[in-house]
Amino acid sequence: SPHQTKKIQSFGLKNVYFKPNIIEAYQSTVMPNAKSGFIFVGRLEPGKGIVQLLELWSSLPAHFTLTVVGSGELASQLKKSFNQSNIN
């Protein structure tokens with residue numbers, strides 16, 4: 001976060017930069033009519049952030065498609081909870 005960046009710089013390190021979350025950066029630059037496809041590959045477990053990703057993805061327009069590849073303890077729950085046309 002910007003706060004953490006300033007804190008680290010206060011210790012005398014000068015080459016510290018804040019790199020924002022890619023989702024935030026992408027949302028601010030994408031054209032509204034652009035068709036994009038994305039993929040998540042990984043374990044379907046709480047610690048991987050898949051639930052947060054799918055919650056966010058659910059609020060995006062339908063032309064943003066996400067393909068989820070993986071298995072894990074959340075697999076069947078995610079299929080039931082996020083059964084949408086833009087999430088495969």
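Start at 1 with the first residue, then count along the sequence.
Residues Phe38 and Trp57 form a side-chain contact, since some pair of their non-hydrogen atoms from C-beta on lies under 4.5 Å apart.
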Walk me through it: do Leu66 and Leu60 pass the test side chain to side chain contact (heavy atoms under 4.5 Å, CB included)? CA-CA 10 Å; Leu66 175 67; Leu60 295 177; over 6 Å; no
Atom pairs and distances, donor-acceptor, side-chain atoms in residues 39-53, under 3.5 Å, two or more places apart:
| unit_1 | atom_1 | unit_2 | atom_2 | d |
| --- | --- | --- | --- | --- |
| Arg43 | NE | Glu45 | OE1 | 3.4 |

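Among pairs with a residue in residues 73-83, none fulfils salt bridge (charged side-chain N to carboxylate O under 4.0 Å, His left out), at least two apart in sequence or across chains.
Applying the 4.5 Å side-chain rule to ILVMFWY residues, one finds that Phe11 remains a lone member of its cluster.
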